[in-house]
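Notes follow the structure.
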Amino acid sequence: MKYSVPWPEMPPEMNKSFIAFVKKEVLHILRDPRTMIVALLVPVVQMILFGFAISTEVNDVEVAVVAPHITPAVEAKIDQLSHNPYFTFKGYIDGRDIDRTLASNEALAVIVFDRDYTINGKTQLVMDGSNPNTAQTAAGYLTQVLDDTSSSGLAPGVTILYNPQLKSAYNFVPGIMGLIFILICAMLTSVSIVREKETGTMEVLLVSPIRPVMIVVAKMVPYFILACIDLAVILLIARFALDVPLSGSLAAIFILSFIYIVLSLALGLLISTLVDSQMVALLMAGMVLIMPVMMLSGMLYPIENMPAILRGVSCIVPARWYIEATRKIMVEGLGFGYIFMELAILTGMTLFLIIVSVKRFKKRLE
């Protein structure tokens, strides 16, 4: 004979009080246009900026050519360059004008062909290196176009998987997701709770029949809903505006994001227990959360290129694991089995932050 242990439930009165607190916070958010702008408009603006305006791709590379004799092989190569959307052919120049052409910004690169250039002939690439990142990227593009050794069997061909067009949006979208949820959940939650302390209304809320922790949870629920709306908007913009593939499971993306959102809410609760003013909460959230997310999570800079000490510090940044797992799902099309480590780490961080935040919140209330 089996016995079941009933799950503890709140009395109906407490359920009604909890729902009433959630409705109160929803109305407060709806009546505050600044919160709605931050919660709904900022994610869209960030997606547009990082997806279109801020890009690591190099387009319309202006290329000039030095060719003592314009052989059919040279014409074929120039025709290939002209039909490539990454390059703009600026015409033929004399070999003595290379320095002047690059110094006057008439071209970013100059290709020098041999006098009797054939299909497998030699070329020299002269670049303007004043911007090293642009020069390096453009040189890589040009080298792939000019290198015909793969067709002759002298060198292996290069095949780029998952992001063959090398679009920066594939890299930025998961990073923006990690940043936005920290912004929406942690910052707004911490400010909302601290505002109650500042205005003296927290004491009024605490005399209600519902437990203090449930009051805080009720204040977090609307921000969780806002973060879920942002998640849906981000995925729609990424797929249909930025052409970022959602190769993996949507269920995996949502489950991973839900865990990360709860983690961000717990961070907001922890910040609210450390400060007593909204300005300090904003500054603390900005310095302690946003900067590490941008610098140490792999969003902008590869973690592999960081010094060993910073690679170690990045392990405690939750966004690092979320961004890595999101890229695996969205871009590489991998499933739960390949993000198990990231899920376990994020779940452990979430439980730890919830326990510490709730305990510290109770102490502050006492």
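Everything numeric in this text was worked out from a predicted model, so none of it was measured.
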If you count the non-hydrogen atoms of other residues, nucleotides and ligands that lie under 6.0 Å from [atom1] in [X], is the total more than 12?
| X | atom1 | answer |
| --- | --- | --- |
| Leu41 | CG | yes |
| Asp99 | CG | no |
| His69 | NE2 | yes |
| Phe340 | CZ | no |

Inset, instruction - Compute whether any side-chain donor of one residue and acceptor of the other, for Thr350 and Tyr260, lie under 3.5 angstrom apart. - result: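 Checked: Thr350/Tyr260 side chains show no N/O donor-acceptor pair below 3.5 Å.
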Legend entry - Pair Ser247, Glu332: side-chain N/O donor-acceptor within cut-off below 3.5 Å: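 The criterion, which ignores hydrogens and geometry beyond distance, is not satisfied for Glu332 and Ser247.
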Inset, instruction - Go through Phe224 and Val221 one step at a time and tell me if the side chain to side chain contact (heavy atoms under 4.5 Å, CB included) criterion holds. - result: CA-CA 5 Å; Phe224 180 86; Val221 169; 5.5 Å; no
Inset, instruction - Spell out, yes or no, whether Tyr338 and Ile303 are grouped together once hydrophobic residues are joined by side-chain heavy atoms under 4.5 Å, including indirect joins. - result: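 Each belongs to a different hydrophobic cluster.
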Legend entry - salt_bridge(Lys328, Glu342) N-O dist < 4.0 Å: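 Yes, this pair counts.
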Legend entry - Salt-bridge present (Glu106, Arg100; N to O < 4.0 Å):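 Salt bridge between Glu106 and Arg100, a charged N being under 4.0 Å from a carboxylate O: yes.
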Inset, instruction - Answer yes or no: is there a donor N or O on one side and an acceptor on the other, between the side chain of Thr123 and the main chain of Val112, under 3.5 Å? - result: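 Checked: no pair found.
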Legend entry - Whether Phe254 and Phe258 hold their rings parallel, tilted or perpendicular, with breakpoints at 30° and 60°: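 The arrangement is tilted - the two ring planes meet at 30° to 60°.
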Inset, instruction - Could you check Leu188, Ile354, Val217, Thr189 and say which one makes a side-chain contact (heavy atoms from CB on, under 4.5 Å) with Leu265? - result: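 Of Leu188, Ile354, Val217, Thr189, side-chain contact (heavy atoms from CB on, under 4.5 Å) with Leu265 is met by Thr189 alone.
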